[in-house]
There are 4 protein chains.
Amino acid sequence: MASMTETARGVVLRSFNEPLSIEEAEIPNAGPGAVVVKVTHGGICGTDVHLHHGNLPIPIPVILGHEGIGVIQQLGEGVTTDFAGTLIKEGDAVAWMSSIPCGHCYWCVIEHERTLCESRKVYGINQSFDVWPKLSGSWADAIYLQPGSTIFKLPDGVTPEQAIALGCAGPTAVHGVLDIVKVNVGDTVVVQGSGPVGLAAAMYAHFSGAAKVIVVGGPASRLALAKEIGVGDVHFDIFDGSTVEERLKLILAETPNGRGADVVLECTGVPKAVPEGFEMARKNGRYLVLGQYTDRGEVPINPHIITKKQLSVYGSWTFGEPHYQKYINTLPKLSERFQLERLVTPYPLADANRAMTDMASGNVMKPVLIAN
Amino acid sequence: MASMTETARGVVLRSFNEPLSIEEAEIPNAGPGAVVVKVTHGGICGTDVHLHHGNLPIPIPVILGHEGIGVIQQLGEGVTTDFAGTLIKEGDAVAWMSSIPCGHCYWCVIEHERTLCESRKVYGINQSFDVWPKLSGSWADAIYLQPGSTIFKLPDGVTPEQAIALGCAGPTAVHGVLDIVKVNVGDTVVVQGSGPVGLAAAMYAHFSGAAKVIVVGGPASRLALAKEIGVGDVHFDIFDGSTVEERLKLILAETPNGRGADVVLECTGVPKAVPEGFEMARKNGRYLVLGQYTDRGEVPINPHIITKKQLSVYGSWTFGEPHYQKYINTLPKLSERFQLERLVTPYPLADANRAMTDMASGNVMKPVLIAN
Amino acid sequence: MASMTETARGVVLRSFNEPLSIEEAEIPNAGPGAVVVKVTHGGICGTDVHLHHGNLPIPIPVILGHEGIGVIQQLGEGVTTDFAGTLIKEGDAVAWMSSIPCGHCYWCVIEHERTLCESRKVYGINQSFDVWPKLSGSWADAIYLQPGSTIFKLPDGVTPEQAIALGCAGPTAVHGVLDIVKVNVGDTVVVQGSGPVGLAAAMYAHFSGAAKVIVVGGPASRLALAKEIGVGDVHFDIFDGSTVEERLKLILAETPNGRGADVVLECTGVPKAVPEGFEMARKNGRYLVLGQYTDRGEVPINPHIITKKQLSVYGSWTFGEPHYQKYINTLPKLSERFQLERLVTPYPLADANRAMTDMASGNVMKPVLIAN
Amino acid sequence: MASMTETARGVVLRSFNEPLSIEEAEIPNAGPGAVVVKVTHGGICGTDVHLHHGNLPIPIPVILGHEGIGVIQQLGEGVTTDFAGTLIKEGDAVAWMSSIPCGHCYWCVIEHERTLCESRKVYGINQSFDVWPKLSGSWADAIYLQPGSTIFKLPDGVTPEQAIALGCAGPTAVHGVLDIVKVNVGDTVVVQGSGPVGLAAAMYAHFSGAAKVIVVGGPASRLALAKEIGVGDVHFDIFDGSTVEERLKLILAETPNGRGADVVLECTGVPKAVPEGFEMARKNGRYLVLGQYTDRGEVPINPHIITKKQLSVYGSWTFGEPHYQKYINTLPKLSERFQLERLVTPYPLADANRAMTDMASGNVMKPVLIAN
């Protein structure tokens with residue numbers, strides 16, 4: 001089923017802080033090893049707002065969108081299965097990892113941290129709209145997935161809405177929570193932040209057998225949604241007027257003997273959350289700095305706390321194939337347990353600018369552009 | 001050899017920031033499970049300066065001295081061996097761990113972090129001179145080691161000077177470097193700080209098979225001494241007039257492909273060393289906050305660095321029995337390889353105030369009070 | 001409420017392989033730090049059968065019973081809380097750890113493996129009935145819990161039946177599954193064995209977020225019970241007439257891409273299960289030898305498999321305080337999810353011999369002696 | 001510098017158990033990404049004897065030789081640096097990893113165990129002499145290193161003799177000892193086996209800061225050589241006429257308090273060494289099964305030992321790029337400390353059959369074929 005001269009719309013970032021434009025490009029035929037996908041759902045993530053503001057160094061013009069779900073339009077020569085070895089065919093619903101590590105550098109081969117590969121390609125971020133195949137972001141009618149892309153058929157019973165609901169926050173939480181800081185059965189866990197990363201982190205803390213998951217976030221609407229879909233055992237609203245000290249006292253009272261949490265997962269993106277979170281951890285506790293993806297500057301921190309409490313503080317940077325695969329594999333149980341689809345607010349592709357405005361305001365949890 | 005009405009001198013802290021006084025107390029007979037030791041060497045540590053300034057909450061009056069070497073004067077009933085099971089007798093040279101954890105609390109039993117025990121007794125720090133047996137610090141002619149003390153006979157061939165040379169920095173480095181952050185064979189290691197903790201950390205990095213140990217410290221005299229006794233492969237003087245940026249550039253040039261160090265060991269006690277050190281670590285590197293024993297306040301830190309570089313940052317708080325035993329067990333090889341005795345500057349017990357002044361000035365590496 | 005000259009019955013093992021006898025002993029007053037408990041439930045474990053047969057070296061006569069639940073009859077001086085710090089009083093339902101490690105040896109202090117302490121006391125196993133306080137096993141009307149015992153008040157909402165249902169298999173599984181081999185979210189896990197240890201191991205594998213738990217055991221009645229209470233996702237009956245090879249093929253077909261299980265938990269006590277289980281693990285997989293508590297002799301094993309598959313094979317020996325505390329803390333969720341009480345078959349204390357016979361035959365999962 | 005119609009000799013295995021033949025093949029020009037190397041040293045390893053006997057499934061005919069050192073004859077287009085990023089040019093002495101993992105499979109990408117890649121190419125083992133470029137083993141005048149090969153320039157000051165001396169045992173030991181079982185500073189280590197793998201393992205145990213390395217091997221000549229070059233602190237000859245029990249007693253007496261070794265490294269290839277070695281490990285000790293590369297069949301093992309002693313038993317299969325790179329990086333210190341060159345016995349390429357006979361007899365430690 002070749003797609004001769006068909007074209008696709010894409011949402012293009014041409015100038016930072018200017019409205020995004022809808023532009024058209026030809027859909028190429030899928031070359032050997034490549035896959036052309038009709039995008040159905042393109043997720044919007046907090047990072048997209050930062051990209052729009054020019055806070056991260058990226059080439060423009062670029063079709064945005066590093067989260068996506070779609071159906072296979074054309075399989076290139078030699079492509080018969082997804083990354084896990086499952087047979088795929090035209091019409092199958094698939095998800096794909098946004099990045100393609102080089103596979104040859106120190107980080108890919110020696111350090112086994114493909115997420116740190118310095119020359120990895122990232123759909124929707126560093127693939128220019130001026131360069132063939134142009135359709136390299138998910139906010140579009142179609143995307144051209146290059147050879148080497150990590151593609152997964154959606155697991156049986158998982159809808160595209162469920163699969164897009166956490167967006168890149170899902171595999172990001174897998175990396176940080178399951179692979180790096182690790183939550184053990186019986187742990188008391190504090191999650192700072194109630195956006196997609198915070199909710200995803202809390203979900204995986206539940207899955208890891210946490211005895212109690214305490215979500216500290218806001219605004220109230222997000223916490224209410226978290227409660228409704230079963231995320232978190234206890235919830236604190238940081239906008240409820242209480243002071244940091246008052247809140248800390250209440251949070252510690254929720255931990256065994258008031259000792260503090262075994263694990264604290266920072267998922268806020270706000271620098272001052274880090275020293276505040278250190279106070280919530282027990283001695284010999286673990287702290288994950290997961291939310292500081294964008295450089296928001298310095299904050300006063302007392303390093304004596306790290307020594308005295310003997311904390312282990314871990315950073316975690318995006319995700320690699322193992323985390324994405326685990327995210328896909330856990331989607332059925334995530335969907336079954338947490339009503340993921342309720343996180344999604346759909347927008348027509350053409351309304352990308354409005355969706356971005358809503359995302360920036362924090363009024364919606366996960367805006368998703370619907371293309372096809 | 002009972003000690004009837006014998007008395008011992010002790011260096012007593014009665015008022016913060018006032019000169020220490022030499023006072024006398026009766027040497028008790030060793031009760032069941034206890035050991036009376038004639039102290040020969042009482043080490044002075046940077047923490048003693050902080051104690052003197054009242055920077056840590058301790059009871060006064062107190063005989064200072066949490067580092068000591070001495071010879072057994074009297075074994076209490078039931079004491080026949082040291083902690084390792086080696087037979088001991090009067091006249092044997094011994095070292096002892098400064099603290100006695102309670103053995104029953106959450107930290108001792110569940111968490112297995114006896115160093116975090118909140119009711120542990122610490123010789124020379126929290127054992128009042130007003131309370132029997134009074135002689136509970138090592139800056140004295142004698143010390144009464146209570147039942148439950150962790151005592152080790154000095155290994156064959158190790159002199160008291162060698163055994164006291166690192167003081168509590170030795171087991172502190174064992175805990176942080178060997179037990180927590182871990183240095184692997186082939187690692188490039190930066191050590192921030194060239195005081196006793198820095199040197200001890202560097203020594204254990206060498207022992208762990210580090211490919212290169214880069215010592216960043218000062219003043220020049222300390223670095224010169226480090227070089228002379230074989231500690232560190234490369235040395236940077238932080239007082240040489242170069243800027244932080246210039247120094248960072250030179251340090252990174254000493255690491256493989258300029259990537260940064262695999263492990264950075266902070267041993268300075270200066271808060272601003274921490275953000276500076278984060279810059280020296282490679283992505284996915286490990287950072288140990290070992291030197292921030294005293295609360296010296298906040299410093300601006302950018303938590304984005306922890307996420308982006310995917311750092312693991314570990315605190316380590318003093319030490320427990322496993323670390324002290326490993327320190328004692330490695331003393332023969334430490335002494336053989338590093339001329340430990342050259343770190344020591346001896347002072348008569350009566351000159352404790354002068355020794356403290358020299359310690360505070362940083363002119364000496366390890367002042368040691370010689371009692372007997 | 002002192003218990004003057006009250007006596008208690010106990011089930012005493014006087015001669016190996018002879019019927020157990022019911023004997024009486026005086027209930028002592030609780031001394032300082034001790035607690036006298038009216039036993040309500042005394043669990044019978046497979047090890048008790050081995051003890052009865054003289055397969056392990058123990059002193060006789062001894063009141064058997066290392067699993068128990070009861071209500072506090074008398075608190076000794078100084079006892080106001082349980083091990084976790086919760087206030088306790090007469091009449092409270094409690095559980096206690098069977099062993100009291102010495103707290104001073106290499107294993108307790110240096111290695112932090114109190115389960116390996118060579119001089120630990122174990123109720124129901126190495127505390128002679130000829131020695132005061134005589135009542136040192138749980139198959140009795142009362143037990144005298146010495147100072148140093150690890151006692152926990154039953155969590156709210158947990159019944160004694162639920163608390164005794166897994167017996168020592170509960171904390172044993174915590175130690176092996178959560179602490180040693182570790183099951184990660186998304187793992188495919190095979191459990192060999194469907195007795196109490198196997199079921200407990202499977203439960204904790206579920207709690208750890210296993211994607212699939214495959215139980216391989218028998219007889220059919222035990223597997224049916226496992227299914228009914230929600231333990232295991234797939235079940236294989238080793239007595240169904242299939243060969244080892246046929247079964248292996250079916251088991252591997254249940255693992256991702258037929259690669260084998262990420263983790264295999266051996267909980268059988270049968271030596272030949274080990275080489276069979278090695279075949280079920282994937283390359284780079286983990287294998288836990290949890291069930292070989294009793295010496296049942298050698299079995300042919302090909303060590304080439306360990307190298308070629310790059311297996312990690314772990315032993316785990318009983319449990320210590322951290323595992324027992326975690327077991328108690330997870331009891332509410334275990335009870336909520338798995339209908340633990342259905343594992344229990346009650347017997348009057350006087351019918352201990354009949355209960356032992358039933359246990360040896362494998363007809364019951366967990367016989368429990370009901371005393372009060 | 002193109003090599004037009006130059007030919008190279010190679011030692012070809014055409015029929016199992018028949019003499020190897022010297023055959024000629026044309027040296028191809030180096031294609032893009034490839035490197036042609038003039039082999040100077042081709043190491044012979046115990047596995048080659050097994051290959052010769054047909055004990056492992058390989059394609060024949062094949063030029064043997066998976067260990068090699070040579071000088072670059074021609075760099076293919078695009079090749080300017082070695083794997084570590086060091087500039088390379090014709091005439092440079094280089095070493096190369098024997099295998100090329102696929103880089104795309106579950107083992108390479110998800111599990112990060114490229115050593116388990118099932119489609120990896122291995123020079124000297126699974127690259128047929130019948131297939132272009134034919135010159136794919138190191139027992140030859142030249143080898144054609146395909147694109148994707150992991151090549152390292154020899155570190156300054158390291159001679160080819162030193163670099164070939166441990167052969168594949170070097171990186172194999174890095175994988176097993178440094179990466180998997182891990183030796184800590186202060187550990188008492190037993191090494192079973194005194195062939196190249198045993199010596200390499202012992203060397204890395206020394207580098208890791210072992211307090212004592214006990215080598216248990218033979219024949220006497222190998223142990224004498226180990227002693228002379230500084231490998232091992234204590235040596236036991238398994239052919240000295242003592243029984244297994246007598247030897248075990250002496251070995252345990254060399255461990256702290258007779259508890260057994262912290263770590264035992266099996267490097268023998270003899271199945272019965274495994275149960276014997278379990279007896280040498282202390283409780284809670286670690287055991288590495290490194291030597292069972294070839295399937296030599298079953299041996300009776302009592303799995304109760306694994307449970308009761310709470311052992312951790314690890315397999316380790318060959319090595320990947322991280323281990324090979326660490327091996328190359330540690331060569332300077334290995335060479336400086338251990339006189340590696342003394343392990344080598346040189347043979348002309350044409351005497352490959354004689355060298356194989358000597359290897360099989362155990363009379364030489366590391367026979368090396370000298371081609372150019």
Side-chain angles (χ1 to χ4, degrees), chain C residues 56 105-107 110-113 115-118 172 175-176 180-181 256-257 259 262 266 268-275 277-278 281-318, chain D residues 56 105-107 110-113 115-118 172 175-176 180-181 256-257 259 262 266 268-275 277-278 281-318:
Chain C
L56 290 98
C105 69
Y106 173 84
W107 302 107
I110 299 295
E111 195 71 8
H112 290 322
E113 287 289 336
T115 185
L116 297 174
C117 171
E118 289 167 359
T172 294
H175 185 198
I180 291 190
V181 78
N257 295 38
R259 262 192 306 268
D262 299 297
E266 184 281 320
T268 66
V270 179
K272 73 176 176 182
V274 174
F278 283 1
R282 68 164 168 82
K283 286 185 186 180
N284 211 35
R286 280 121 58 217
Y287 191 90
L288 178 68
V289 188
L290 186 60
Q292 307 288 327
Y293 187 81
T294 306
D295 186 349
R296 301 275 293 272
E298 297 174 335
V299 65
I301 291 181
N302 188 337
H304 171 63
I305 302 299
I306 299 175
T307 298
K308 187 175 183 183
K309 293 183 87 164
Q310 199 166 288
L311 297 179
S312 298
V313 180
Y314 301 93
S316 178
W317 182 247
T318 75
Chain D
L56 291 97
C105 70
Y106 173 83
W107 302 107
I110 299 296
E111 195 71 9
H112 290 322
E113 287 288 336
T115 186
L116 297 174
C117 171
E118 288 167 359
T172 294
H175 186 198
I180 292 190
V181 78
N257 295 39
R259 261 192 307 267
D262 299 296
E266 185 280 318
T268 67
V270 179
K272 73 177 175 180
V274 174
F278 282 1
R282 67 166 168 82
K283 285 186 186 178
N284 212 34
R286 282 117 60 213
Y287 191 90
L288 178 68
V289 187
L290 187 61
Q292 309 287 328
Y293 188 82
T294 306
D295 186 347
R296 302 275 293 272
E298 296 174 334
V299 64
I301 291 181
N302 189 337
H304 170 63
I305 301 299
I306 299 175
T307 298
K308 187 174 183 185
K309 292 183 88 164
Q310 200 166 288
L311 296 180
S312 298
V313 180
Y314 301 94
S316 178
W317 181 247
T318 75

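Numbers restart at 1 for each chain; the letters A, B, ... are given by sequence-line order, proteins then strands.
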Could you check whether any side-chain heavy atom of D:E111 comes within less than 4.5 Å of a side-chain heavy atom of C:R282, counting everything from C-beta outward?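 In short, these two side chains touch, coming nearer than 4.5 Å.
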Side-chain heavy-atom pair C:N284, D:W107 within 4.5 angstrom cut-off: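 Yes. Closest side-chain heavy atoms under 4.5 Å.
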Within this structure, what is the OG-CD1 distance for the pair C:S316 and D:I306, rounded to the nearest 0.5 Å?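 Output value for this atom pair is 12.5 Å.
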Kindly compute the distance separating NZ (C:K308) from OG1 (D:T294), expressed to the nearest 0.5 Å.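 Here the interatomic distance stands at 10.5 Å.
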Would you mind checking which part of [X] comes under 4.5 Å of any heavy atom in chain C, side chain (CB onward), backbone (N, CA, C, O), both or neither?
X	value
D:I301	both
D:T115	side chain
D:L290	backbone
D:H175	side chain
D:Y287	neither
D:Y314	both
D:V299	both

So which of C:I305, C:N302, C:T318 has the biggest tally of heavy-atom pairs under 4.5 Å with chain D?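 Looking at each of C:I305, C:N302, C:T318 in turn, C:N302 comes out on top.
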Sort out for me which of C:H304, C:E266, C:K309 touches chain D most, counting heavy-atom pairs under 4.5 Å.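 Option with the top pair count is C:H304.
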side-chain hydrogen bond (donor to acceptor under 3.5 Å, both in side chains) partners for C:R286, two or more places apart: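 Expected list: C:D187.
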Who pairs with C:E113 by side-chain hydrogen bond (donor to acceptor under 3.5 Å, both in side chains), at least two apart in sequence or on another chain?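 By the side-chain hydrogen bond (donor to acceptor under 3.5 Å, both in side chains) rule, C:E113 matches D:Q310.
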Indicate yes or no for a side-chain donor-acceptor contact from C:T307 to the backbone of D:V289 under 3.5 Å, with no hydrogens or angles considered.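 Yes; judged by distance alone, with no hydrogens or angles, the pair exists.
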Looking only at heavy atoms, what is the nearest atom pair of D:G297 and C:P303, with distance?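 Looking at all heavy atoms of both residues, the shortest contact is O-CD, 3.7 Å.
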Using heavy-atom distances under 4.5 Å, tell me whether C:L311 contacts chain D through its side chain, its backbone, both, or neither.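 Contact with chain D involves the backbone of C:L311 alone.
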